[in-house]
Participant: 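Got a structure for you, written out below as structure tokens; questions coming shortly.
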Amino acid sequence: NRNNVVFCGDSPNDSPMFAYFPYACGVANVAGFAGKMAANPAYIALSRGGDGFVEIAEMLLRSRA
């Protein structure tokens, strides 16, 4: 069930996944491509690269508490 998945991406090649998963997230790198992709993530982290992934993962873990 795609509603049970959080996808994280960082570039335009992730656009199909952003479109498919309602809880798709992007790290800050992807913000530079906004409006240039067929689909954008539902959420964009403030941090770039791995730090952005950690930001998203920590937010998910906090929500479970």
Side-chain angles (χ1 to χ4, degrees):
N1 183 340
R2 65 187 183 158
N3 291 314
N4 294 332
V5 173
V6 175
F7 173 81
C8 295
D10 67 349
S11 62
N13 69 316
D14 296 316
S15 184
M17 301 296 270
F18 295 150
Y20 184 75
F21 291 107
Y23 301 113
C25 300
V27 297
N29 311 39
V30 81
F33 302 107
K36 299 175 185 171
M37 298 185 293
N40 294 306
Y43 173 81
I44 299 177
L46 299 174
S47 303
R48 298 174 61 85
D51 290 336
F53 177 80
V54 169
E55 179 184 330
I56 293 165
E58 287 178 342
M59 182 177 23
L60 290 170
L61 291 171
R62 280 193 305 271
S63 73
R64 294 183 71 198

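For this chain, numbers begin at 1 and follow the sequence in order. Bear in mind the structure is a predicted one, so any value in this text is a computation, not a measurement. Values below: every heavy atom of this structure, side chains too, minus hydrogens, waters and symmetry copies.
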Participant: Could you walk me through whether V54 and S47 pass side chain to side chain contact (heavy atoms under 4.5 Å, CB included), step by step?
Facilitator: CA-CA 9 Å; V54 169; S47 303; over 6 Å; no
Participant: Give the minimum heavy-atom separation between A39 and A19, together with the two atoms involved.
Facilitator: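 Shortest heavy-atom contact: CB-CB, 3.5 Å.
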Participant: Would you confirm whether S63, through its side chain, and L60, through its main-chain N or O, come within 3.5 Å as a donor-acceptor pair?
Facilitator: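 Answer holds: yes.
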Participant: Same cluster for F21 and F53 if Ile/Leu/Val/Met/Phe/Trp/Tyr side chains link at under 4.5 Å?
Facilitator: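 F21 does not cluster with F53.
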Participant: Would V30 and D14 count as a side chain to side chain contact (heavy atoms under 4.5 Å, CB included) here? Give the steps.
Facilitator: CA-CA 9 Å; V30 81; D14 296 316; over 6 Å; no
Participant: For residues A42 and P22, report the shortest heavy-atom separation together with the two atoms involved.
Facilitator: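 Shortest heavy-atom separation between A42 and P22 comes out as CB-O, 3.6 Å.
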Participant: Looking only at heavy atoms, what is the nearest atom pair of N40 and A34, with distance?
Facilitator: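 That would be OD1-CA, 3.8 Å.
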Participant: To check you understand the geometry: which heavy-atom pair defines the closest contact between C25 and P41, and what is its length?
Facilitator: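 In this case the closest contact between C25 and P41 is C-CB, 3.7 Å.
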Participant: Could you see if Y20 belongs to whatever hydrophobic cluster contains F7? Use Ile, Leu, Val, Met, Phe, Trp, Tyr and a side-chain cutoff under 4.5 Å.
Facilitator: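 Yes.
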Participant: Give, for atom CZ of F18 and atom CD1 of I44, the distance between the pair rounded to the nearest 0.5 Å.
Facilitator: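 These two atoms lie 7.5 Å from each other.
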Participant: Once you round to the nearest 0.5 Å, how far does CD1 of I56 lie from CG of L46?
Facilitator: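 So the gap between those two atoms works out to 9.5 Å.
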Participant: So which heavy atom on N29 is nearest to which on D10, and how close?
Facilitator: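 It is CB-O, 3.7 Å.
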